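In what follows, a single structure is set out as structure tokens and then discussed.
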Amino acid sequence: MSLKDALAHIDSDELVALTRDLIRIPSVIRPGDPSATEAAVADYVHRWFVKEGFDVEVQDVAPGRPNVLAIFGEKGAGKSLLLEGHTDVVTEGDPVQWTYPPFAAEMAESRIYGRGAADMKSGLAAAMVAAAAFKRSGTRLDGRLVVGALVDEEGDMIGAKHLCATTIGRELDAAIICEPEENELCLEQRGVVWARVTVHGRMAHGAMPEAGVNPITGVCALLREAADLQRRLRRLCAKSKYLKPPTVTPTIVKAPLQGLPQSNVIPASAEATLDIRLTPGPDADAVAAEIERTCRRAATGGGGITIEWRPVNGFRLATRVEKDEPLVRAMVRGVRQATGKGARFGGVPGSTDGTILRTTLGIPIVTCGPGNRLIPHQVDEYVEVTELVDAARIYVASALNYLGR
Ligand SMILES: [Zn+2]
């Protein structure tokens with residue numbers, strides 16, 4: 001069986017219908033609401049693969065939050081390739097601001113509109129249809145293709161972390177992350193550290209500031225130091241052709257941390273969170289040392305404040321794979337076979353489940369999927385149908401190049 005046979009089994013109408021079905025199952029995670037999880041969409045994916053005759057493994061990551069993994073072919077002496085998607089989506093925000101209702105999956109101007117249209121029910125649907133094309137065409141692979149529909153990418157990535165600790169995860173040799181990147185081959189992803197900085201002072205009356213130690217002055221000093229931290233991180237990290245340079249952005253400021261905010265009370269403590277984005281290069285210790293230095297500088301001259309910090313959710317360092325990786329070569333060739341055009345390279349501005357797979361398993365990842373990379377998390381999120389169909393074709397050609405006989 002040839003590539004042509006497999007590609008002939010991609011039905012674009014079916015792919016559009018599948019994407020729309022997935023969008024119509026809202027999967028915004030609302031903590032505390034057991035009905036607002038990935039469960040319904042995961043169940044849909046599970047049933048779809050069973051109907052297609054796939055072996056399916058369901059991993060219970062958390063209550064109502066299953067990873068669904070569909071398996072095609074035996075690993076044997078060959079390789080195992082993952083096509084990765086996530087089933088959760090971010091909030092739709094205020095539905096009134098949408099031109100098209102967020103979960104109606106309406107079509108206009110050859111686009112599908114809705115929350116998750118780009119990020120990333122379209123990429124997941126393309127991966128599903130790509131795997132089914134192999135099955136339906138009777139193609140045999142020299143290895144195993146896995147489609148993973150994981151939970152919680154928009155949160156703490158517990159789905160990807162769970163997968164890495166299981167047999168099917170540990171046996172992976174490479175992964176294509178089907179996130180919206182306009183079908184570019186993204187070999188680099190920025191990293192992120194959320195530094196939560198706590199400043200301790202001493203409570204006192206606002207009319208007698210000399211009797212206390214005001215932690216808010218420490219927060220102000222920290223925010224002033226943020227620009228210098230960004231400069232130092234830009235020196236420390238590698239320059240990248242595809243990624244924006246490191247940034248340090250204050251996102252949360254809080255005081256007091258306990259008790260009621262009152263206008264005449266100097267709080268005991270205050271807190272600020274820095275969203276720190278990184279390009280490849282330094283390890284976690286080197287990044288931590290720079291944050292530590294920023295905290296020490298913010299504490300000097302603060303009249304007795306102390307400052308400590310911790311990374312919320314650990315370090316997600318930037319990732320990179322080289323162009324001579326077999327997966328990259330398989331995809332460069334695959335893009336040309338699937339679209340008739342040369343591959344375009346790009347970079348991922350944020351971190352993805354691929355960050356976890358790359359840093360935990362050490363396997364090469366390439367992020368490539370349908371959808372404008374700036375549209376995720378906005379109102380009127382959409383995906384172009386031509387990009388969606390191209391993605392499925394790229395996955396088929398790339399997987400066949402990577403796992404072919
Ligand atoms: Zn995503």
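These values consider heavy atoms only, across backbone and side chains, with no hydrogens, waters or symmetry-generated copies. It should be emphasised that the depicted structure is a prediction, and the values quoted were computed from it without experimental measurement. Both counts, for ligands and for their atoms, begin at 1 and track the order of listing. This chain uses plain numbering: 1 for the first residue, then up along the sequence.
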Task: Salt-bridge contact Lys135-Glu52 (side-chain N to carboxylate O under 4.0 Å) - done: no
Task: Arg136 with Glu14: basic N within carboxylate O range, under 4.0 Å - done: yes
Task: Pair Asp390, Thr339: side-chain N/O donor-acceptor within cut-off below 3.5 Å - done: no
TODO: Report the protein N/O/S neighbours of the Zn ion (ligand 1) that fall below 2.8 Å; do not count waters.
DONE: His86 NE2, Asp119 OD1, Glu179 OE1, Glu179 OE2
Task: Set of side chain to side chain donor-acceptor pair (under 3.5 Å) partners for Lys75, sequence neighbours left out - done: Asp173
- [ ] Identify, with sequence neighbours excluded, every residue that meets side chain to side chain contact (heavy atoms under 4.5 Å, CB included) alongside Asp33.
- [x] Arg30, Ser35, Ala36
Show me the donor-acceptor pairs within less than 3.5 Å that the side chains of residues 302-313 make with the rest of the protein, sequence neighbours left out.
residue, atom, partner, partner atom, Å
Glu308, OE2, His200, NE2, 2.8
Trp309, NE1, Glu292, OE1, 3.1
Asn313, OD1, Lys161, NZ, 3.2
Asn313, ND2, Asp156, OD1, 3.3

